[in-house]
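Before any comments, here is the structure.
This chain uses plain numbering: 1 for the first residue, then up along the sequence. For ligands, and for the atoms within them, numbers begin at 1 and follow the listed sequence.
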Amino acid sequence: MTLADLIPSLRTSIDRLPTPEIWPSTTRLTRSGDLTVGGVALSELAGRFGTPTYVVDETQIRANCRAYRHALPDVEIAYAGKAFLTRAVVGWIAEEGLSLDVCSAGELAVAMAAGYPAERIILHGNAKSPDDLKAAMRAGVGRVVVDSLDEVGQLGALATAQPVLVRVTPGVDGHTHTAVATGVEDQKFGFSLASGAAAEAVRRVLAEPSLRLVGLHCHIGSQVARVADFELAARRMVGLLDLVRDEHGIALPQLNLGGGHVVPYLAGDEGFDLSGFADRIRGAVHYECSRRGLPAPRLTIEPGRSLVARAGITLYRVVTVKHGTNRTFVAVDGGMSDNARPALYGARYAVRLAGRASQAPDAPVTVVGRHCEAGDVIAQDVPLPADIHAGDLLAVPCTGAYHHSLASNYNMVGRPPVVAVRDGAPRLLVRGETAQDLLARDVGV
Ligand SMILES: *Cc1c(COP(=O)(O)O)cnc(C)c1O
């Protein structure tokens, strides 16, 4: 008999996680110390699908889609599929009424295989290949966001009456990691607003008879927390709509403000102020348009991470525990091949023991991967029970965005399966990769 059985008021506090905001909202703590997500125990998932495994809570993704649609009922919400794309995810997005961004012929193929309507697809990319453009024209994608003058010519030669937007760099610093800051001057995306390159791109698109300019686009970066940064970008973009109207006599009907909304990864991290964003973006666009006598454009936003990050959990088994001179290393059976973000951006994660309870006090450890690089770290200086040992199950939350999609085969390790959970049932979405899969591509001897 546990203490919670004797004192019923303790039960609820045992059910609840100490940091619920970084776990899927269906996550529960069981009396045996395991976690359940979507009604399925993590130990059961690890037993059935092995480790590492990406677990994704369908309910959380759908709830996130609904929160956006509720906050912004008059705004088109396009899911940036590069964050996490499988056919099932495309299906959920479609059912929730979202549009879809793709960045390559491969992402487009996933969307088409899921039966997603091509007219609701937006194609992005700073360097779209001829194959990307041809596949998009074959599929009949609704919009292409042109990113270079070369592309204007290349797409012009392939297209007929293709709706396009021009990708603009509005010179707004999203105060984020430089690897994901895409709105500042002097980087590879889009046409600079300040230099006049964006206005020139508009001229070139309008001069291309097979392209139909429908609007402007910007995306200032990822993990952007400050609503004021989005607001500044929106104001500047309306300024460009005004210039286009003055020069060409046309009021462009669409303004796409990109994504990049911040997501908390650790307890205490700042979350995104969605209702504040909704109010201030619409207010800024309407104010700027009305004072300039412009009709308000239809707005599109493109959240990726903020729709899927919290829905994902990665399960690992502890392979070994090593006590260094200053640190304890807990090495697991995955690492930078399934989670590249710590190595790419210095991202930090929480970790929790799953599958069993421990009475041992917490001690700080560094959770590392199995790969042959010292930078293969999953979580630095995180507390885990001091009796952590080989065979234990670990759960890493907030791994729904840019994990499966950024996975590699480094050290010829097969990429993990993706398992969706909902209403007490798991469903395999993507099977794990085997050595046979990896060898199948090695065709020369
Ligand atoms: C990546 C990307 C997004 C989504 O970014 P998140 O940080 O995942 O929200 C939106 N729009 C464009 C053009 C992108 O490249």
(message) Please report whether ligand 1 has a polar contact with E302, defined as an N or O pair separated by less than 3.5 Å (distance criterion only).
(response) yes
(message) Given 3.5 Å as the limit, does a donor-acceptor pair link the side chain of S405 with the main chain of A83, or not?
(response) yes
(message) With heavy-atom distances below 4.0 Å as the criterion, list the atoms of ligand 1 near R167.
(response) 13 (C)
(message) Under 4.0 Å, counting heavy atoms only: does Y402 come that close to any atom of ligand 1?
(response) yes
(message) Give me the residue, atom name and distance of the protein heavy atom closest to atom 5 (O) of ligand 1.
(response) H219 CE1, 3.5 Å
(message) So if I count the atoms of ligand 1 from 1 in the order they appear, which ones are less than 4.0 Å from some heavy atom of S222?
(response) 6 (P), 7 (O)
(request) Report the C-alpha separation of T399 and Y349 in whole Å, then their side-chain angles, then the decisive distance to 0.1 Å, and conclude whether the side chain to side chain donor-acceptor pair (under 3.5 Å) test is met. (result) CA-CA 9 Å; T399 59; Y349 287 86; over 6 Å; no
(request) State the atoms of ligand 1, each with its element, that fall below the 4.0 Å cut-off from a heavy-atom position in H217. (result) 13 (C)
(request) Assert yes or no for the condition that the ring centre distance of H219 to F189 is strictly below 6.0 Å. (result) no
(request) Could you walk me through whether D74 and R282 pass the salt bridge (charged side-chain N to carboxylate O under 4.0 Å, His left out) test, one step at a time? (result) CA-CA 10 Å; D74 50 347; R282 282 183 297 197; 2.9 Å; yes
(message) Using 30° and 60° as the class boundaries, would you call the ring planes of H371 and Y410 parallel, tilted or perpendicular?
(response) parallel
(request) Go through ligand 1 atom by atom and flag the ones less than 4.0 Å from a non-hydrogen atom of A80. (result) 3 (C), 4 (C), 10 (C)
(message) Please classify the H124 to ligand 1 contact at 4.0 Å (heavy-atom distances, strictly less than): side chain, backbone, both or neither.
(response) side chain
(request) Any atoms of ligand 1 less than 4.0 Å from a non-hydrogen atom of G304? List them with their elements. (result) 4 (C), 6 (P), 8 (O), 9 (O)
(request) Measure the distances from the heavy atoms of S306 to every atom of ligand 1 and state whether one is below 4.0 angstrom. (result) no
(request) Quick one: look up the protein heavy atom nearest atom 15 (O) of ligand 1 and list residue, atom name and how far away it is. (result) K82 NZ, 2.7 Å
(message) Can you confirm if the NZ or CZ of R204 lies within 45° of the ring axis of F191 and under 6.0 Å from the centre of its six-membered ring?
(response) no
(message) Within the 4.0 Å heavy-atom shell around G260, which atoms of ligand 1 are there?
(response) 5 (O), 6 (P), 7 (O), 9 (O)
(message) For G190, is there any backbone N or O sitting under 3.5 Å from a side-chain donor or acceptor partner on D147?
(response) yes
(message) With a 6.0 Å cut-off (strictly less than), is the heavy-atom count around CZ of R62, excluding the residue itself, greater than 12?
(response) yes
